[in-house]
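Notes for the one structure printed next.
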Amino acid sequence: MAVNKSDIEKLAELSRIDISDEAAANVAQSISEVLALVDQLQAVDTSGVSPMAHPLDAVQRLRRDEVTEPNQRETLQAMAPATEDGLYLVPRVIE
Amino acid sequence: MHTKTIAQLGKALRSKEITSVELTQHYLDRIAELDSRYNSFITVTPEIALAQAKAADERLANGDTSPLCGIPIAHKDIFCTQGVRTSCASKMLDNFIAPYDATIVENYQRAGAVMLGKTNMDEFAMGSSNETSYYGPVKNPWNTNCVPGGSSGGSAAAVAALLAPAATASDTGGSIRQPAALCGLTGIKPTYGRVSRWGMIAFASSLDQAGTLTRTAEDAALMLNTMASFDAKDSTCVDQPLEDYTTTLGDSLAGLTIGIPEEYFGEGLHPDTAKAVQAAIKTYESLGAKTRSISLPHTDLAVPAYYVIAPAECSANLSRFDGVRYGHRCDEPKDLADLYKRSRSEGFGDEVKRRILVGTYALSAGYYDAYYNKAQQVRRLIKQDFVDAFKDVDVILGPTSPSPAFEFGAKTQDPVAMYLEDIYTIATNLAGLPGLSIPCGMVDDKPVGLQLIGNYFAEGKLLNVAHQFQLATDFHQQLAPATA
Amino acid sequence: MEWEIVIGLEIHVQLATQSKIFSGASTAFGADANTQACAIDLAMPGTLPVANEEAFRYAVMFGLAMNSEIGQRSVFERKNYFYPDLPKGYQTTQLEEPIVGPGVIDIELANGETRSVRLHHAHLEEDAGKSLHEDYQGMSGIDLNRAGTPLIEIVSEPDMRSAEEAVAYLKKIHSIITYLGISDGEMSQGSMRCDANVSVRLKGEEKLGNRCEIKNINSFKFVEKAINVEAERQIEIIEDGGSIAQETRLYDADKNETRSMRSKEVANDYRYFPCPDLLPVMLDDDYIAAIKSTLPELPDAKRDRFVSEYELSAYDAGVLTTDRATADFFETTARESGEPKLAANWVMVDLAGYLNKTDTALKDCPFNAEQLAGLIRRIKDGTISGKIAKQVFEGMCNAEGNADTIIEARGLKQVSDTGALEKMVDEVIANNQAQVQNYVNADEAKRPKMLGFFVGQIMKASKGQANPQAVNEILLKKLNEQ
């Protein structure tokens with residue numbers, strides 16, 4: 001499946017990545033090549049095969065409901081780009 | 001000194017021929033003197049190393065016999081190290097000081113190993129040549145015009161250049177085994193779930209597995225003994241009894257059945273690489289192993305399935321890098337969308353962006369069934385190939401990589417050609433099986449890797465099979481030029 | 001034209017676990033910003049989730065209470081979108097294989113009718129953090145304490161046809177979760193939140209109209225208002241020849257209107273896929289059966305039992321069992337006093353009135369059920385009259401102590417002493433000779449009605465403390481002697 005510039009714009013928007021107009025054609029080209037590679041999958045008959053999201057057929061272990069994490073705000077916010085009063089700051093969120 | 005293996009250095013430390021501080025300083029000096037040639041380290045941590053070495057010397061003085069006590073090692077910069085920059089070779093995390101240790105980092109600390117520093121890699125472990133690092137490419141000690149392989153290229157180059165006796169690494173599609181092959185090392189990727197992923201920055205969670213790069217299988221056994229552990233902090237870590245992998249190294253190979261997949265010797269394999277692998281088969285036969293041809297019919301589909309699954313997982317795993325809580329943030333974002341887009345676009349390199357976009361595509365409405373779901377179905381077929389094969393054979397043998405180290409830039413403009421570097425290694429990640437690469441010859445003065453694939457949790461068998469080969473051959477003893 | 005409103009609710013309920021669904025950070029409400037957001041909650045690189053057993057236990061309890069199938073295999077998926085209150089850039093939730101499958105519950109309406117509402121499914125997921133819009137250097141502040149708090153999202157079928165039904169359903173869910181003790185259900189604190197999918201269609205029409213999802217409804221009252229105002233908006237548009245755009249809208253309680261949420265307008269593609277960090281959760285029959293055996297009595301069963309055991313009307317039993325604390329308060333009062341009907345009245349009228357007037361929660365009531373039963377016992381044994389009891393109750397509301405203490409302190413004990421009562425009766429007869437003559441001359445049939453005047457005078461003279469029965473007897477005897 002080949003992708004065009006407008007597909008790339010949509011993917012870039014979904015993944016919050018800026019792709020400049022000049023770069024878009026190149027990116028579309030290289031992604032189309034990757035998709036051509038993965039399109040080999042389409043030829044395989046997989047009817048009746050259940051998808052395998054995980055290599056081992058293991059089961060989730062559940063944790064006991066205990067508070068084990070103390071407050072570490074200072075440590076964890078030490079490298080935050082912008083904070084005030086313990087809050088992370090971001091440009092205005094409009095709802 | 002630096003030509004010795006971990007096993008040899010450990011003996012020297014325990015017999016007080018040398019102290020850990022001396023040994024550590026020796027490696028630090030070598031890194032300072034030589035690493036400008038290879039660029040194998042992103043961060044060197046001399047203060048930590050010497051403090052840990054001093055503590056190890058005290059333990060040794062008190063009669064500690066832990067095999068790794070006092071041994072300097074390097075960690076791939078994908079593993080979080082408390083108080084030390086953990087960049088994943090990305091501009092995104094250039095300023096990230098990890099507030100905690102990865103479980104495997106803790107395991108090595110507890111064993112008394114000494115951290116020399118953090119090694120270079122492909123950005124977020126995405127690459128097979130170490131050319132996508134924000135900190136620049138790593139050079140192959142065997143030929144500095146060539147790539148060391150990737151993504152664990154820094155760990156491989158550091159060990160091959162004798163800047164560290166061993167290094168940790170990670171493997172999502174071949175990122176330990178392919179650099180091991182290209183740098184003439186022993187590299188093992190254990191069974192998925194054998195080693196904790198806590199603190200290892202995720203690329204593709206269902207494929208990522210930590211492992212080691214060493215010069216011998218014996219050293220790999222020593223390293224893996226410490227790395228492997230059950231960890232309640234990783235839901236996918238398997239609660240399986242731990243083994244001492246050194247105890248079976250000496251087992252005879254008589255009666256061992258080795259499967260040779262015909263699909264691993266087809267088009268695309270360098271003829272001289274094929275020759276070296278064929279010679280290795282002969283060596284195994286001389287050691288008493290039986291070999292037989294097998295088929296892994298879905299081999300060709302491994303790369304296509306991988307390049308759906310790995311990007312899909314990475315597209316979500318890398319969403320957390322948004323410039324809000326840590327990591328790169330663009331200057332003066334004008335609104336929220338601008339914050340996200342500029343921070344991510346500036347912070348990620350081209351290959352990372354490409355994979356995020358491919359993964360986003362594979363998961364998006366209308367394509368999920370055709371791509372993601374289909375790839376996960378094919379993944380089951382690939383796993384089934386191995387399950388069937390292991391009914392008849394003990395290990396599977398083939399080339400690690402289609403050709404020896406290539407020159408810089410040879411594949412950077414052609415992502416698909418780069419992806420095919422991992423054609424023989426990717427299937428084991430999809431299936432979750434353990435795989436190992438050992439040197440088995442030279443082509444154009446560059447090492448060739450032999451891959452061994454084992455059944456689930458058969459790391460002991462793999463290391464045994466590798467060790468017996470190394471007892472019979474000396475490919476692993478060859479040193480890269482200008483390193484000794 | 002007659003319009004019909006079609007409503008489906010998505011209810012988010014925070015589960016009352018100690019720690020978060022995927023981390024060991026505390027879920028306590030009201031802590032300083034980001035002091036309960038650990039490395040996992042902040043989506044620090046290399047961190048991994050491990051699921052909380054208690055969240056599953058609570059979800060299974062809920063499913064059993066809803067008569068739903070329990071997903072013996074449930075799978076967490078990643079729902080991908082960027083928002084500052086969502087640190088990982090995806091929400092870990094369930095989609096294809098949720099923990100609770102389809103079910104059904106009955107709701108009772110004010111007119112006594114019952115309606116069934118089908119549950120589509122309920123799934124476990126993590127809550128997001130909060131964006132605070134006060135001005136921080138012209139920016140918003142993000143508090144991630146709430147991020148990772150376990151939620152069950154309860155998704156109904158579009159089975160409700162009025163705001164009243166929606167509120168009844170929401171109250172029923174509230175009642176079930178608080179009975180189970182799996183959530184505190186505090187809507188004001190966001191422990192229970194509701195989104196309403198509202199559409200309208202002409203009565204008799206089968207096809208559903210385009211729906212709007214109304215977010216941010218944080219009280220029972222607002223659910224009703226928001227649905228009605230949204231339905232009116234839609235009807236008006238259609239009647240004016242327009243059509244309804246499917247969209248997400250926000251309810252503004254101050255203006256009592258819904259408005260489009262522009263930020264969510266960008267067509268989202270959530271790219272769900274199974275979370276590779278979390279394996280499928282498998283629950284076996286024994287596990288589910290063990291939980292079933294520990295389920296408390298639920299509101300419907302309790303209501304039915306109150307009707308049969310305490311001979312209450314279905315309506316009263318329904319009111320008393322809406323929340324577990326009230327039901328428990330009633331039941332203790334009834335048992336301790338041996339007077340279930342009186343107990344029901346006192347709880348539903350006097351206690352409810354007091355709590356309502358003073359905006360007090362039952363758990364903060366100054367007296368307990370045993371103390372209320374003590375009051376009822378004093379009515380029963382004739383120590384005080386029902387009227388005096390109201391004064392004693394007031395005292396109890398002012399935290400003056402037990403009924404007995406208050407009766408003693410205020411001297412409210414009923415006068416049953418025959419000598420004292422005879423004296424009062426004599427005085428009333430002496431002071432009201434005209435009325436006495438009327439009484440004597442009146443027909444036998446009219447006399448009982450006239451008796452009330454004398455009783456009233458005596459009660460007045462005794463400040464209500466005269467035992468009415470004894471007063472009656474003495475009065476009759478004395479009047480007949482005239």
Side-chain angles (χ1 to χ4, degrees), chain A residues 1 3 7-8 10-20 23 26-28 30-31 33-64 72 75-83 88-94, chain B residues 95-97 99 192-193 206-207 232 235-236 238-239 298 300-301 303-305 307-308 315 319 322-326 329 333-342 344-345 348 353-354 356-358 360-362 364 370-371 373-381 383 415-416 419 430-432 456:
Chain A
M1 181 87 60
V3 292
D7 295 325
I8 294 298
K10 190 188 146 219
L11 295 175
E13 180 61 32
L14 279 173
S15 46
R16 300 295 188 274
I17 286 174
D18 257 340
I19 307 276
S20 68
N26 255 336
V27 172
S30 81
I31 287 180
E33 284 168 20
V34 177
L35 293 175
L37 168 76
V38 305
D39 272 336
Q40 292 176 45
L41 297 172
Q42 307 312 328
V44 194
D45 179 8
T46 51
S47 48
V49 180
S50 61
M52 189 175 93
H54 196 271
L56 310 178
D57 285 316
V59 169
Q60 174 70 24
R61 269 188 316 274
L62 299 172
R63 196 186 91 240
R64 277 175 55 188
Q72 286 201 59
T75 314
L76 297 175
Q77 286 193 344
M79 69 206 117
T83 58
Y88 294 96
L89 299 189
V90 296
R92 264 289 156 86
V93 177
I94 304 150
Chain B
N95 60 2
F96 182 70
I97 311 294
Y192 183 86
S206 79
L207 301 162
S235 297
T236 61
V238 179
D239 194 0
H298 296 95
D300 281 353
L301 297 169
V303 172
Y307 278 98
V308 171
S315 72
S319 291
D322 58 6
V324 176
R325 298 164 311 286
Y326 52 80
R329 180 181 187 130
K334 65 178 197 292
D335 56 27
L336 200 53
D338 187 42
L339 167 70
Y340 286 148
K341 286 184 189 169
R342 271 204 292 139
R344 289 167 62 77
S345 304
F348 293 142
K353 288 181 203 168
R354 175 157 43 233
I356 290 173
L357 294 174
V358 169
T360 302
Y361 183 81
S364 60
Y371 287 103
N373 213 48
K374 187 81 177 180
Q376 297 287 35
Q377 289 175 310
V378 169
R379 182 180 193 179
R380 188 174 293 283
L381 297 176
K383 173 179 173 168
V416 171
Y419 296 171
L430 290 169
Y456 294 101

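On a predicted model such as this, the values are computed, not experimentally measured, just so you know. Chain letters run A, B, ... following the sequence lines, proteins first, then strands; residues in each count from 1.
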Considering only heavy atoms and a distance below 4.5 Å, find which of [options] pairs most often with chain A.
{"options": "B/A305, B/A232, B/G193", "value": "B/A305"}
{"options": "B/Y192, B/F96, B/Y456, B/Y340", "value": "B/Y192"}
{"options": "B/R354, B/H298, B/R344, B/R379", "value": "B/R379"}
{"options": "B/S364, B/S319, B/A375, B/A370", "value": "B/A370"}
{"options": "B/L381, B/V238, B/N95, B/D338", "value": "B/L381"}

Could you look at [X] and say if it's the side chain, the backbone, both or neither that has a heavy atom under 4.5 Å from chain A?
{"X": "B/V416", "result": "side chain"}
{"X": "B/L339", "result": "side chain"}
{"X": "B/S315", "result": "neither"}
{"X": "B/K383", "result": "side chain"}

Please name the pair of heavy atoms, one in [X] and one in [Y], separated by the smallest distance, quoted to 0.1 Å.
{"X": "B/I356", "Y": "A/S15", "result": "CG2-CB, 3.5 Å"}
{"X": "A/Q60", "Y": "B/S235", "result": "NE2-OG, 3.0 Å"}
{"X": "A/P91", "Y": "B/R329", "result": "CD-NH2, 4.0 Å"}
{"X": "B/P304", "Y": "A/V38", "result": "O-CG1, 3.4 Å"}
{"X": "B/Q377", "Y": "A/V49", "result": "NE2-O, 2.8 Å"}
{"X": "A/P55", "Y": "B/L430", "result": "CB-O, 4.0 Å"}

Below 4.5 Å, heavy atoms only, C-beta onward: do [X] and [Y] meet side chain to side chain?
{"X": "A/H54", "Y": "B/T236", "answer": "yes"}
{"X": "B/Y361", "Y": "A/I31", "answer": "no"}
{"X": "A/I17", "Y": "B/T360", "answer": "no"}
{"X": "A/M52", "Y": "B/S206", "answer": "no"}
{"X": "B/K374", "Y": "A/T46", "answer": "yes"}

Chain B contact via [X] - which portion, at a heavy-atom distance below 4.5 Å:
{"X": "A/A82", "answer": "both"}
{"X": "A/V27", "answer": "side chain"}
{"X": "A/A58", "answer": "neither"}
{"X": "A/L62", "answer": "neither"}
{"X": "A/Q40", "answer": "both"}

Quick check for you: among [options], which has the greatest number of heavy-atom pairs under 4.5 Å with chain B?
{"options": "A/R63, A/E33, A/R92", "result": "A/E33"}
{"options": "A/V59, A/L56, A/T75", "result": "A/L56"}
{"options": "A/V44, A/D7, A/V90, A/D18", "result": "A/D18"}

Keeping the roles fixed (side chain from B/R380, backbone from A/S50), state whether a donor-acceptor pair exists under 3.5 Å.
yes
